[in-house]
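Presented below is the structure to which this report refers.
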Amino acid sequence: MDVDDILPPRKTSGPLAELIREDLDRLSRDEVLARIATLEAEIARCRTRLESATALRSAADELFRK
């Protein structure tokens, strides 16, 4: 059995897939640093959303346990 048989199929279209396929060799050092900063900000935004969803789920679970 191959790992690809276990994992869900990769999404091959959309903005994230395009971002991953983008050629970084054409970017300057400053452009790469700006890209990293932008991606780190997006990761922080996603983590904040995940924490919010987790807290909401915990609150709902607690409400329905009573």
Side-chain angles (χ1 to χ4, degrees):
M1 183 182 295
D2 192 27
V3 172
D4 291 331
D5 295 334
I6 300 170
L7 298 175
R10 293 182 185 150
K11 188 173 181 181
T12 57
S13 64
L16 187 56
E18 290 176 28
L19 182 71
I20 292 169
R21 286 191 302 266
E22 188 176 346
D23 180 16
L24 299 178
D25 289 339
R26 65 177 188 76
L27 301 177
S28 70
R29 179 184 180 278
D30 289 341
E31 289 171 322
V32 171
L33 289 172
R35 180 184 175 116
I36 290 170
T38 300
L39 292 171
E40 287 174 341
E42 180 61 11
I43 290 168
R45 188 174 79 97
C46 290
R47 286 191 172 136
T48 299
R49 173 62 184 107
L50 183 60
E51 290 169 5
S52 173
T54 302
L56 183 62
R57 175 64 188 253
S58 294
D61 287 346
E62 186 63 33
L63 177 68
F64 288 106
R65 268 186 245 178
K66 292 181 178 182

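Note that the numbering runs from 1 along the sequence shown for the chain. Predicted model, so just to flag it, every value in this text is computed and none were measured.
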Ignoring hydrogens and angles, write down the donor-acceptor pairs under 3.5 Å from the side chains of residues 33-41, residues two or more places apart or on other chains.
from  : atom 1 : to    : atom 2 : distance (Å)
Arg35 : NH1    : Glu22 : OE1    : 3.0
Arg35 : NH2    : Leu19 : O      : 2.9
Thr38 : OG1    : Ala34 : O      : 2.9

(request) State, to 0.1 Å, how close Asp23 and Asp25 come at their nearest heavy-atom pair, and which atoms those are. (result) OD1-N, 3.0 Å
(request) List in chain and number order the residues that pass side chain to side chain donor-acceptor pair (under 3.5 Å) with Ser58, two or more places apart in sequence or in another chain; answer none if no residue qualifies. (result) none
(request) Among residues two or more places apart or on two chains, list those pairs meeting side chain to side chain donor-acceptor pair (under 3.5 Å) that have a residue in residues 48-57. (result) Arg57-Asp61
(request) Considering only NZ, NE, NH1 and NH2 on the basic side and carboxylate oxygens on the acidic side, decide whether Arg21 and Glu18 come within less than 4.0 Å. (result) no
(request) Give me the other members of the hydrophobic cluster that Leu56 sits in, counting Ile, Leu, Val, Met, Phe, Trp and Tyr linked by side-chain heavy atoms under 4.5 Å, directly or via other members. (result) none
